[in-house]
Amino acid sequence: MGSKSFVFDFDGVLFDTAPECLRVAFDTASRQNHKWGFPQSWNPGQKISQDVLVPFLKNRAWVGPPWQYGPLLLEIFQGEISESREAFLAKAQTLRESFQGFEDSYFATRIELQKNTRLWLAEVKPYPEALAAFEAAKKRDLASILSTRDSDSISKIIQYFIDEPPDPRIILPRASKGTKSAVLEHWAAPLKIARSNVVFIDDYVEHLLPAHRDGFNCRWASWGYTQPEDLDLCTQSGIRVLTQRTLLDEVQKEVSV
């Protein structure tokens, strides 16, 4: 048994789910156009135009909890996209009350989309070496998942791509309301796992920085939903930068002990 426990983020680390998130967010916005301030011409299920698709995929990294997809889509529609993540998050916070209920509607829309498994999972693509690293750690009971995504869709996606349903115990409680660092501590403390032995892999720097300050062994997934300035933040903070290959190599070395 190795000495480390690997905790993987899901979206942007194990799977590229940005197109799926856009589909769900767009359909959520379209179903209540007037409530959220979106154009009447937007309709659920329609082909999403390039002028929405391109900036959404470019700035997907700005979004934390799913309600923030609403402000991002609104910026795209209005043609007033923020200049930075910090500017977007500040603006989104001022709109939070306006988008009350968006997150619940988002999850309801995702459940509806999941009824057609083929269409839903056509929007999801695995990161091969990262997924191989997860599988290798999982076989040695050294893998967990910590994500803002709901556990039901996590289980369905993993089962579809690796043909085996995950043990629900390895999916830690969603961190949409508290910090991921707090969830890690709540999980690790009863198991008596030292923070330094928890390897936390995430592509979202805003999740990594608090966990790093709290003593967890953080790694930045450079292949995920990242921004150029994220590399500088990780370098300055002493957070190790990973490629999919270096992650796979580290896990394989650990599980061979």
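Below, all heavy atoms of this structure are taken into account, side chains as well, without hydrogens, waters or symmetry copies.
- Shown are Leu209, Leu208, Leu184; of these, the side chain to side chain contact (heavy atoms under 4.5 Å, CB included) with Cys218 is made only by Leu208.
- Using a 4.5 Å heavy-atom cutoff, the side chains of His207 and His212 are not in contact.
- For Phe8, the ring-ring contact (aromatic ring centres under 6.0 Å, His included) partners two or more places apart in sequence, or in a different chain, are Phe134.
- Once rounded to the nearest 0.5 Å, the distance linking CG of Leu119 with CD of Gln114 reads 12.5 Å.
- Under the side chain to side chain contact (heavy atoms under 4.5 Å, CB included) rule, Ser222 has a single partner from Leu247, Leu231, Thr246, Val241, which is Val241.
- Without hydrogens or angle criteria, Glu103 side chain to Pro65 main chain gives no donor-acceptor distance under 3.5 Å.
- Residues satisfying the salt bridge (charged side-chain N to carboxylate O under 4.0 Å, His left out) test with Lys253, not counting sequence neighbours, are none.
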Open item on the list: side chain to side chain donor-acceptor pair (under 3.5 Å), that's the test. Do Asn217 and Arg219 meet it? Break it down for me.
Closed with: CA-CA 7 Å; Asn217 198 343; Arg219 307 278 195 271; 2.4 Å; yes
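- Rounding to the nearest 0.5 angstrom, the gap separating the NZ atom in Lys180 from the OG1 atom in Thr148 is 5.5 Å.
- A donor-acceptor contact shorter than 3.5 Å links the side chain of Ser147 to the backbone of Arg149.
- In this structure, Asn33 contributes its side chain and Pro39 its backbone to a donor-acceptor pair below 3.5 Å.
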Open item on the list: Between Thr226 and Trp220, is the side chain to side chain contact (heavy atoms under 4.5 Å, CB included) condition met? List the steps.
Closed with: CA-CA 9 Å; Thr226 62; Trp220 181 58; 3.3 Å; yes
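- Between Leu53 and Leu22, some side-chain heavy-atom pair lies under the 4.5 Å cut-off.
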Check: residues 160-170 side-chain donor-acceptor pairs under 3.5 Å, at least two apart:
unit_1	atom_1	unit_2	atom_2	d
Asp167	OD1	Arg169	N	2.9
Asp167	OD1	Arg169	NE	3.2
Asp167	OD2	Arg169	NE	3.1
Asp167	OD2	Arg169	NH2	2.7

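- Taking the six-membered ring where the residue is Trp, the centroids of Phe88 and Trp62 are separated by under 6.0 Å.
- With Thr17 contributing its side chain and Glu20 its backbone, the two residues share no donor-acceptor pair below 3.5 Å.
- No donor-acceptor contact under 3.5 angstrom links the side chains of Thr28 and Ser105, judged on distance only.
- Inter-residue side-chain proximity for Cys234 and Val205 is flagged as met; some heavy-atom pair is nearer than 4.5 Å.
- Taking 4.0 Å as the cut-off between side-chain N and carboxylate O, Glu129 and Arg245 count as a salt-bridged pair.
- When side chains are defined from C-beta on, Leu248 does not count as touching Gln244, because their heavy atoms never get closer than 4.5 Å.
- Checked for salt-bridge contact, Glu250 and Arg240 meet the test: a charged N lies under 4.0 Å from a carboxylate O.
- Not a single donor-acceptor pair under 3.5 Å links the side chain of Asn197 to the backbone N or O of Lys4.
- A distance-only check finds no donor-acceptor pair linking the side chain of Glu75 to the backbone of Ile81 [under 3.5 Å].
- Taking the six-membered ring for Trp and the full ring otherwise, the centers of Phe102 and Tyr69 sit at least 6.0 Å from each other.
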- [ ] Take Phe216 and Glu185, measure what side chain to side chain contact (heavy atoms under 4.5 Å, CB included) needs, and give me the verdict at the end.
- [x] CA-CA 9 Å; Phe216 292 99; Glu185 175 61 20; 3.9 Å; yes
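- Ile157 is listed as a side-chain neighbour of Trp120, based on a closest heavy-atom distance under 4.5 Å.
- With Tyr225 as the partner, the side chain to side chain contact (heavy atoms under 4.5 Å, CB included) test is satisfied by one option alone out of Asp230, Asn59, Asp11, Val63: Asp11.
- Scanning all heavy atoms of the two residues, the minimum distance from Ala137 to Phe6 falls at CB-CD1, 4.3 Å.
- Of the inter-residue distances, the one linking Phe26 atom CZ with Thr109 atom OG1 reads 12.0 Å to the nearest 0.5 angstrom.
- Judged purely by atom type and a 3.5 angstrom limit, Asn43 has no side-chain atom pairing as donor or acceptor with the backbone of Gln46.
- If you check the side chains of Ser30 and Asp27, you find no donor sitting under 3.5 Å from an acceptor.
- In terms of modelled atom types and a separation under 3.5 Å, the side chain of Asp141 and the main chain of Ala143 share no donor-acceptor contact.
- Here the straight-line distance linking atom CD1 of Ile145 with atom CG of Leu14 works out to 5.5 Å at 0.5 Å rounding.
- Side chain to side chain, Asp214 and Ser181 meet the donor-acceptor criterion of an N or O pair below 3.5 Å.
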